[in-house]
> 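The structure is given below, and queries will be raised subsequently.
First the proteins, then the strands, lettered A, B, ... as listed; each starts at 1.
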Number of protein chains: 2
Amino acid sequence: MTLAEENYLKAIFHLELESAGEVSTNAIAESMETKPSSVTDMVQKLAEKKMLVYKRYKGAQLTESGRKIAAGVIRKHRLWEVFLVEKLNFHWDEVHEIAEQLEHIQSEELITRLDQFLGSPDFDPHGDPIPDKHGVLKRTEKKLLAEIEKNHQGVCVGVKESSAEFLQYLDKKKISIGTKITVLGKEFFDGSMIIQVGSEQFFISHKIAENLYVQTV
Amino acid sequence: MTLAEENYLKAIFHLELESAGEVSTNAIAESMETKPSSVTDMVQKLAEKKMLVYKRYKGAQLTESGRKIAAGVIRKHRLWEVFLVEKLNFHWDEVHEIAEQLEHIQSEELITRLDQFLGSPDFDPHGDPIPDKHGVLKRTEKKLLAEIEKNHQGVCVGVKESSAEFLQYLDKKKISIGTKITVLGKEFFDGSMIIQVGSEQFFISHKIAENLYVQTV
DNA sequence: ACAAATATTTAGCTTTGCCTAAAAATAATA
DNA sequence: TATTATTTTTAGGCAAAGCTAAATATTTGT
Ligand SMILES: [Mn+2]
Ligand SMILES: [Mn+2]
Ligand SMILES: [Mn+2]
Ligand SMILES: [Mn+2]
């Protein structure tokens with residue numbers, strides 16, 4: 001697998017999680033910041049390699065092999081992110097770009113040993129689950145903060161977006177993984193909320209609330 | 001700099017250390033396991049980018065910028081090798097291929113932190129010096145075992161070749177960095193030697209002796 | 001059901017890095 | 001010095017991965 005092929009498989013894997021069924025050419029193009037015509041080319045090549053099944057004008061769906069490779073890349077990405085944060089003391093908003101590069105390093109043994117060195121972590125610094133060596137992703141029952149009702153609470157277990165801007169916003173608000181959040185008020189019109197974090201209470205927009213994963217206790 | 005460009009600069013850097021003056025197209029091609037015509041192409045491109053000066057039919061010579069980039073890649077390669085051996089417990093004959101990939105990861109900050117994490121090592125697992133962040137390589141006075149006279153001794157401080165085969169041979173003979181070696185006999189005809197390592201004494205060929213660096217005490 | 005809008009694919013080009021075969025320059029040798 | 005031999009460059013091509021513009025399909029709205 002080339003670097004480009006791995007990136008396509010990874011993107012399709014993520015898109016399949018978001019919504020079942022075939023993944024459209026346009027959706028792939030958007031998520032990879034490339035043109036639909038480029039996607040068609042690559043998707044045809046990956047179909048020939050049996051990494052996915054592709055039906056003209058319908059979309060792509062990963063095969064077992066394709067899914068395995070994608071999960072392997074994601075496993076590497078997330079393990080490296082743990083390394084960067086836990087061992088090199090990077091902040092969680094600084095690691096994604098570097099992991100985008102490290103995820104393509106080819107060596108089974110390296111990942112086996114890295115995993116061991118890190119104590120076989122289950123989650124990356126953004127709360128995302130790390131696939132096991134067979135590509136199996138354990139599903140956790142987490143929900144978006146936006147789904148929490150007034151006067152209920154949850155513990156932050158991850159972020160949906162992990163852009164530096166969003167993560168820095170969370171830092172400013174003292175929200176990180178493990179933080180307890182209570183919904184004090186919820187506006188039906190725009191989905192905005194008043195929440196309590198520690199001793200502070202403040203307003204957050206719907207956009208924030210639907211990018212934060214919590215687990216109810 | 002692309003991956004290919006970095007590899008060319010690195011190869012030329014190493015060749016310049018071996019013998020001063022311009023580096024020939026053929027020498028580069030051989031060391032990179034590619035064809036001379038490909039080298040001509042790349043060398044012309046690197047000359048346009050001011051990474052080296054190139055005179056047709058004469059060869060290439062790195063500029064200050066080129067040398068700096070090459071040293072940076074070598075610094076990364078060697079730091080990663082230290083990481084693999086010291087932290088992930090790889091054996092010294094297993095790390096080169098992986099470091100060939102890791103050396104191209106782009107992030108100043110990553111290398112700064114990795115260096116710190118490793119305790120700013122001066123040498124890699126093969127005894128090669130690690131350039132500092134400005135690309136400066138400190139020269140150490142080491143000689144080849146082949147240059148040591150009968151009845152003299154030295155401490156192994158590095159290897160010239162670092163192929164897995166050679167390193168495994170050294171393991172078998174219990175030679176590693178720090179090992180004391182005494183030359184008991186030397187055959188002028190073929191440069192072979194009888195040496196003492198610990199309590200064992202045995203025969204080594206000239207090829208072995210000229211790939212092992214020692215420091216005389 | 002048909003026209004308009006949208007999504008997707010195809011055709012044709014570009015760049016990077018490599019290759020082979022042929023031409024040109026330099027080095028070696030008789 | 002003249003002729004080989006070797007080294008290096010040039011010319012012409014190829015595969016990967018991208019792009020734009022044009023052609024087709026599909027979907028949507030009336
Ligand atoms: Mn990431
Ligand atoms: Mn992550
Ligand atoms: Mn190495
Ligand atoms: Mn080394």
> Contact between A:Leu46 and A:Met42 at the side-chain level, heavy atoms closer than 4.5 Å - yes or no?
yes

> Below the 4.0 Å mark, does D:dC19 have OP1 or OP2 next to a side-chain nitrogen or oxygen of A:Ser38?
yes

> Determine whether the side chains of A:His14 and A:Glu18 contain a donor N or O and an acceptor N or O closer than 3.5 Å.
no

> Distance check needed: C:dA7 C1' versus A:Ile28 CD1, whole Å only.
13 Å

> Take the protein atom CZ of B:Arg56 and the nucleotide atom P of C:dA24, then report the distance between them rounded to whole Å.
12 Å

> Using a cut-off of strictly less than 4.0 Å, decide whether A:Asn26 has a side-chain nitrogen or oxygen near OP1 or OP2 of C:dT6.
no

> With the side chain of B:Met42 defined as its heavy atoms from C-beta on, choose the nearest nucleotide among C:dC18, C:dT9, D:dT8.
C:dC18

> Rounded to the Å, how far apart are A:Glu48 CD and D:dA16 C1'?
14 Å

> Side-chain N or O of A:Thr25 versus OP1/OP2 of C:dT9: is the shortest distance under 4.0 Å?
yes

> Got a donor-acceptor pair under 3.5 Å from the side chain of B:Ser24 to the base of D:dT7?
no

> Does B:Leu79 reach the side chain of B:Ile130, with side-chain heavy atoms less than 4.5 Å apart?
yes

> Given atom CD of B:Gln44 and atom P of D:dT9, what is their separation to the nearest angstrom?
7 Å

> Which whole-number value in Å describes the distance from B:Asn7 CG to C:dC18 P?
9 Å

> Starting the side chain at C-beta, find the nucleotide from C:dT9, C:dC18, D:dC19 nearest to A:Thr40.
C:dT9

> Verify whether the ring centers belonging to A:Phe83 and A:Phe90 lie closer than 6.0 Å.
no

> Are A:His126 and A:His96 an aromatic pair, judged by ring center distance below 6.0 Å?
no

> Once you round it to whole Å, what is the distance between P of D:dC19 and CD of A:Glu33?
11 Å

> Looking only at the side chain of B:Tyr8 (C-beta and beyond, no hydrogens), which of the listed nucleotides C:dC18, C:dC19, D:dA21 gets closest?
C:dC18

> From CG of B:Asp41 over to C1' of C:dT15, roughly how many Å is that when rounded to an integer?
13 Å

> Would you say A:Ser37 reaches D:dA21's phosphate, i.e. side-chain N/O to OP1/OP2 under 4.0 Å?
no

> Which residue lies toward the 5' end of DNA chain D, A:Thr34 or B:Tyr54, if each is placed at its nearest nucleotide?
B:Tyr54

> Among the nucleotides C:dT20, D:dA25, C:dT10, which one has an atom lying closest to any side-chain atom of A:Tyr57?
D:dA25

> A:Glu30 CD to C:dA7 P: how many Å, rounded?
10 Å

